[in-house]
Amino acid sequence: MSSHENLLDSLINHDIALPSTCGGGGTCGRCKIKVESKVNMTSADKSQLTEQELQAGYRLACQHNSDELKQLTLVDVTMAASHELRLISSVFLSPYIKELRFKSVSGERLEFKAGAFMRFFIPAAQASSIPVDLPADLLHHWQEVLHMDYEHLACSRNYSLANGDAQTDELVFTVKMQTSPNQKVKPGIGSSYICNLAPGKTIEAVGPFEEFFAIESAKTDPTSPMVLIGAGSGMAPLKALIEEQLIKFNSSRPIHFYFGARTQADLIYRDAFRQLAATFPNFKYIPVLSRVTSTEGNSGDGAKICTGSSGRGSEH
Ligand SMILES: Cc1cc2nc3c(=O)[nH]c(=O)nc-3n(C[C@H](O)[C@H](O)[C@H](O)COP(=O)(O)OP(=O)(O)OC[C@H]3O[C@@H](n4cnc5c(N)ncnc54)[C@H](O)[C@@H]3O)c2cc1C
Ligand code: FES
C-alpha cells in the first residue's frame, strides 16, 4: 500500500471497498476498521466512534495512512469494485453544471440501486480555472471567474449517479464545477478535472456504493408520499430515485420533488421533469428559485420564489 494514501483509498487497490457515505470526509463513521489500540485517534475517530470502540482499537480507515499500522481487521466491506470508465459525452446543463456520461471500458453493464454513487480517482495534473469547452452563450457567466493555471495532486472525489441501471448501460453524473472563492485558492480540483476531461478519455472509479436508496416499493405503503428536496447538482440521486419509482417500479406513490436553484438557467433537466409530471399524475415537480429577475418571477411556469436575507426564507 502507498503510505501517502488514506486506507480507504489504499484498500481499493486490493479490491476491498469499505462502506462510505461521506466519501472519506470523516463524517459518516461507515469506514470502520480494527487496528492496534495504540494507533493514534484523530478528532474524526473521536466524533464518530464510541469510547468503547476507540479503546477496542476501532478507527476510521479514511482518517489513517497505512504507515501508521502493522495490521488491520476488516469490519464490513461492500460489493463495490474498481472500474475503468470512458467518457462518452460531456455537456453543460447550466452555467456551472455539466452532465457527464460514461461507459465501462470492459463493456460490463453495472447494476446498482438508484441513489448510488461512485468514487473517482483524480490523477495529479495541470489544470486551468476556465472550462476548455465553454459554449459562447455561457461566457458571460464565467467573466468574473479569475483565469488561473495551476497544478494539483492526486485525490479522490465522489459523484452520485443521476440515472438508474434500467434505462441504459451509461453511467450519468451531474457535476458542479466549483470555482475559486479568491485568487489565493485553487478551484475545485476534482470537479474541474472531471468536467474538463475530453470525451474518449478514461478515468478510474470505484463503486457503485449503494448507501442511499429507496425501500423497494413492494415493501412500502403505496399511498405513503415520498418528498424529495435537493438543489443544484445534488439533485442527481433524487432524479435517479424518481425515475426508478415512476418508470422502473411503476409506483403510484405520491412523489413531491422540490428542486432548489438560483435562476431559471440553473433548473437542470426542467423539460424532463415537466414531461414526467405530465405523464405521471402522482409526480409533482416544484422548482424553487432563490435569485430571480422580475421577468422570471412572472414567467408563470409554477416556479416558487424563495426570498429572505439567507436566501432560505419564506416562499411566496
Ligand atoms: C456521496 C457523495 C456524492 C456526491 N455527489 C455529487 C454530485 O453528484 N455532483 C457534484 O457536483 N458533487 C457531488 N459531491 C461532492 C463532490 O464529491 C466534491 O466534494 C465536489 O465536487 C467538490 O470537490 P472539488 O475537488 O471540485 O473541490 P475541492 O478541491 O474539494 O474544493 C471545494 C471548494 O473549496 C474551495 N477551496 C479549496 N481550498 C480552499 C481554502 N483553503 N480556503 C477556502 N476555499 C477553498 C475550492 O475553490 C472549491 O470551491 C458528492 C459528495 C459525496 C460525499
Ligand atoms: S468514509 Fe465516512 S467516515 Fe470514513
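Both ligands and their constituent atoms are indexed starting at 1 by order of listing.
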Practice task
Identify the protein heavy atom lying closest to atom 52 (C) of ligand 1, giving its residue, its atom name and the separation to 0.1 Å.
Solution key: Asn158 CB, 3.7 Å
Practice task
Write out all pairs satisfying ring pair (Phe, Tyr, Trp, His ring centres under 6.0 Å) with one or both partners inside residues 161-187, taking only residues at least two apart or from two chains.
Solution key: Phe102-Phe173, Phe120-Phe173
Problem - Residue pair Asn40 / His64, side-chain donor-acceptor N/O under 3.5 Å - result: no
Practice task
Select the closest option to atom 12 (N) of ligand 1 among Tyr159, Phe212, Phe120, judged by heavy-atom distance.
Solution key: Tyr159
Exercise for the section: From the options Phe209, Phe112, Phe213, select the one residue that forms a ring pair (Phe, Tyr, Trp, His ring centres under 6.0 Å) with Phe117. Expected result: Phe209
Exercise for the section: Please could you name the atoms of ligand 1 that Lys176 approaches to less than 4.0 Å, counting only its heavy atoms? Expected result: 11 (O)
Practice task
Check Thr179 against ligand 1 and report side chain, backbone, both or neither, counting heavy atoms closer than 4.0 Å.
Solution key: backbone
Exercise for the section: Please state which part of Pro237 comes within less than 4.0 Å of ligand 1, counting heavy atoms only: side chain, backbone, both or neither. Expected result: neither
Handout entry: Parallel, tilted or perpendicular: ring planes of Tyr269 versus Phe273, cut at 30 and 60 degrees
Key = perpendicular
Exercise for the section: Give the numbers and elements of all ligand 2 atoms closer than 4.0 Å to a heavy atom of Ser20. Expected result: 1 (S)
Exercise for the section: Check the side chains of Asn282 and Ser252 for a donor-acceptor pair under 3.5 angstrom, ignoring hydrogens and angles. Expected result: no
Handout entry: Heavy atom of the protein closest to atom 9 (N) of ligand 1 (residue, atom name, distance)
Key = Thr174 O, 2.9 Å
Completion exercise
among protein heavy atoms, the one nearest atom 3 (C) of ligand 1 is Ser160 OG, 3.4 Å
Practice task
Return a yes/no value for Ser191: is any of its N or O atoms, backbone included, closer than 3.5 angstrom to an N or O of ligand 1?
Solution key: yes
Problem - Pair Glu84-Thr202, side-chain donor/acceptor within less than 3.5 Å - result: yes
Exercise for the section: Indicate the ring-plane relationship of Tyr96 and Trp142, choosing parallel, tilted or perpendicular according to the 30° and 60° boundaries. Expected result: tilted
Handout entry: Best match, Val185, Ile194, Thr21, Ile97: closest heavy atom to atom 1 (C) of ligand 1
Key = Thr21
Practice task
May I ask you to identify the nearest protein heavy atom to atom 30 (O) of ligand 1, giving residue, atom name and distance to one decimal place in Å?
Solution key: Arg157 NH2, 3.2 Å
Handout entry: Proximal candidate to atom 22 (C) of ligand 1 [heavy atom criterion; set His152, Lys186, Gln178]
Key = Gln178
Problem - Test item: side-chain donor near acceptor, Gln48 and Arg30, under 3.5 Å - result: no
Problem - Element-labelled atoms of ligand 2 that are located less than 4.0 Å from some non-hydrogen atom of Gly26 - result: 3 (S)
Handout entry: Where ligand 2 meets Gly24 - atom numbers and elements under 4.0 angstrom, heavy-atom basis
Key = 1 (S)
Exercise for the section: Run the numbers for me: atoms of ligand 2, each under 4.0 Å from some heavy atom of Thr27, listed by number. Expected result: 3 (S)
Exercise for the section: May I ask you to say whether Lys46 pairs ionically with Glu51, meaning some side-chain N is under 4.0 Å from a carboxylate O? Expected result: no
Exercise for the section: Under 4.0 Å from a heavy atom of Cys62: give me the atoms of ligand 2 that qualify, with their elements. Expected result: 1 (S), 3 (S), 4 (Fe)
Practice task
Please determine if atom 4 (Fe) of ligand 2 has an N/O/S atom from Cys28 lying under 2.8 Å away.
Solution key: no
Practice task
Using a strict cut-off of less than 4.0 Å between a Lys/Arg side-chain nitrogen and an Asp/Glu carboxylate oxygen, indicate whether Asp133 and Lys98 qualify as a salt bridge.
Solution key: yes
